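One structure is given below, encoded as structure tokens.
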Amino acid sequence: PSEEYENLRRRVYTNTKELYYYINHELTKMMKEDKSDERIQAILDQVGDRKRSLLSDQLKLAELDGNHEWRQLEAANVSDLIQRRLHYLQNPPNCKEARKLVCSLNKGCGFGCQFHNIVYCMIFAYATERTLILNSRGWRYNSKGWEYVFQPISDTCTSTFNEKVVQWPDSYDAKVVSLPFIDSLPQKPKFLPLAIPTDLAHRIIRFNGDPASWWIGQIAKYILKPGPLMQKAINESIAKMNFKSPMVGVHIRRTDKVGTEAAYHHLHEYMAHVKDYYDQLELTTKVDVRRVYIATDDAYVLENAREKYPDYVFLGDPSIAKTAATHRRFTTVSLTGLLVDLHMLAMCDYIVCTFSSQVGRMAYEMMQANRVDASNSFFSLDDIYYFGGQNAHDRRALMPHAATDSQDIAFEVGDLIGIAGNHWNGYGRGTNRRTNLNGLIPWYKTADHLVLYPFPEYKQVPL
Ligand code: GDP
């Protein structure tokens, strides 16, 4: 399949959803204004049925176009290539002579945030051909260090040999460079997310609808390998869960996040999307039990869900949620619980979450990492996908737009629009880089602008 064909197929899918978001939002608004009009709810239900039918058929298109197996194979091959390149980078033939990048794990934040810090360091290492050395002594999850919980990120090269360490960007050429956290970078290199390597881009685009998160997922896959003890604990926990497909994962982030960094979302907001997923699936597949896996840091959600939604079967571990809800969350035990939750979410057929949470984004990255394409397998109640500290995320105008009221902005074909978010009502918010005007944009008239960066091609590693 050509890149153009794949992009067009995905665009039709996204814009079918966008059309539905628009109608759903406008009719719901009308209903709220005029409660007496019962016809509106009936129309909304009908529109929902028609949308699910359209989306269901479109999903089948990709399975029937004769390229299904090719995509599977290509995704496996590109993933394997990236893993071998990272392995090569992390195990240089001569460790003592190799250039290195030192990354400190002691960021005072949760595991999702710390994990993304390592991902950032690894991308930096890959871009600058430096072996990444993790400095994790005194780490809040295990004071002995990363290697006591996870497999080391290198088998053969873990020392700087006491060479002088220079902080980036004071010296680009120093043999050993240490990295500040991404939020403190004085200047942001162009290879930071959401950029993807030029030499792989045209392969990834042909099987995945969201290449930037798939690339990040590949880095995550290399880093996140539990050590034997941790793996055993995770396996034992997962074995008890009785995981069966189909399964929808729901990540509900509450406690300290609510009010400061994200808004509170009721359980029914998540469940509306779970229902929508199963209603669509039932158009083609018989579903005996509607299963939902709940991952959360709110100790009461599971109980509440079982009481309110008797037609669904809920999986989850209340003791994991309880630990996550308290100050004990920064221990190896709570980390085990979080990894169980993340693994379960990543195995689900679909997830409903909030991308304002690093845990929600990490679940999606892990989902992408082991699949051909998970870009249509989630719904985020708030943010679109992003990587904390990323370079600007733009969309490009594919059609012209004349501003119709004071809220939306005009653009011409080809304009780049810096994106702040999607409002899931047919519109997003952004700034037109040509006119500098900020406002609403009809999402369907734009398409994601993918950034390619000429990362090193690691010719030493066979294709
Ligand atoms: P963010 O604050 O949600 O953006 O993500 P962080 O990872 O930085 O911090 C959240 C922390 O809360 C995690 O590291 C966990 O300790 C805990 N947490 C949040 N959601 C869950 C969950 O679904 N399951 C478990 N076990 N812990 C969670």
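Throughout, residue positions are numbered sequentially from 1 according to the sequence presented. Worth saying up front: this structure is predicted, and the values here are computed from it rather than measured. Just so you know, ligand 1 is whichever comes first in the structure, and atom 1 is the first atom listed for that ligand.
- The single protein non-hydrogen atom nearest to atom 17 (C) of ligand 1 is Arg329 NE, 3.8 Å, given as residue, atom name and distance.
- Counting heavy-atom neighbours within 6.0 Å of Arg433 CZ, excluding the residue itself, gives a total above 12.
- Considering backbone and side-chain atoms together, Ser357 places an N or O closer than 3.5 Å to an N or O of ligand 1.
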Exercise for the section: Start with the C-alpha distance between Phe378 and Phe355, add both sets of side-chain angles, then the distance that settles ring pair (Phe, Tyr, Trp, His ring centres under 6.0 Å), and finish with yes or no. Expected result: CA-CA 10 Å; Phe378 71 89; Phe355 274 168; 4.9 Å; yes

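- Between the side chains of Asn106 and Arg140, no donor N or O sits under 3.5 Å from an acceptor N or O.
- With hydrogens left out, the protein atom closest to atom 5 (O) of ligand 1 is Gln358 CB, 3.5 Å, a heavy atom.
- Remark: minimum distance from atom 14 (O) of ligand 1 to any protein heavy atom is reached at Phe111 N, 2.9 Å.
- Using a 4.0 angstrom heavy-atom cutoff, Phe355 does not count as in contact with ligand 1.
- Those atoms of ligand 1 that come under 4.0 Å of a heavy atom in Gly337, given as number and element, are 26 (N).
- Shown in contact with Ala295 at under 4.0 Å from a heavy atom are these atoms of ligand 1, numbered in order with element: 23 (O).
- Under the 6.0 Å cut-off for aromatic ring centres, Trp139 and Tyr148 do not qualify, their centroids lying 6.0 Å or more apart.
- The Ala324 neighbourhood of ligand 1 comprises atoms 25 (C), 26 (N), 27 (N), 28 (C), with distances under 4.0 Å to a heavy atom of that residue.
- Distances from atom 21 (C) of ligand 1 to the heavy atoms of His251, Met344, Arg253 put His251 nearest.
- Every N/O-N/O distance between Ile320 and ligand 1 stays at or above 3.5 Å.
- Protein heavy atom in closest approach to atom 18 (N) of ligand 1: Asp297 CB, 4.0 Å.
- In this structure, the protein non-hydrogen atom closest to atom 9 (O) of ligand 1 is Gly110 CA, 3.5 Å.
- Counting heavy-atom neighbours within 6.0 Å of Phe314 CZ, excluding the residue itself, gives a total above 12.
- With no hydrogens or angles considered, no side-chain donor-acceptor pair links Ser104 and Asn135 at under 3.5 Å.
- Exactly one residue among Lys257, Arg254, Arg329 makes a salt bridge (Lys or Arg N to Asp or Glu O under 4.0 Å) with Asp297. That residue is Arg329.
- At the shortest separation from atom 24 (N) of ligand 1 among protein heavy atoms lies Asp341 OD2, 2.7 Å.
- The ring of Phe455 has its center closer than 6.0 angstrom to the ring center of Tyr126.
- On a distance-only criterion, Lys257 and ligand 1 share at least one N/O pair closer than 3.5 Å.
- Of all atoms in ligand 1, numbered sequentially from 1 with element shown, those under 4.0 Å from a heavy atom of Tyr141 are 14 (O).
- Residue Cys109 places every heavy atom at 4.0 Å or more from ligand 1.
- The protein heavy atom nearest to atom 15 (C) of ligand 1 is Leu338 CD2, 3.8 Å.
- Among protein heavy atoms, the minimum distance from atom 7 (O) of ligand 1 is reached at Gly112 N, 2.7 Å.
- Within 6.0 Å of atom NZ in Lys225, more than 12 heavy atoms from other residues, nucleotides or ligands are found, so the atom counts as buried in its surroundings.
- The closest donor-acceptor contact from the side chain of Gln58 to the backbone of Tyr13 lies under 3.5 Å.
- Residue Gln167 places its CD atom among more than 12 non-hydrogen atoms of other residues, nucleotides or ligands, all under 6.0 Å distant.
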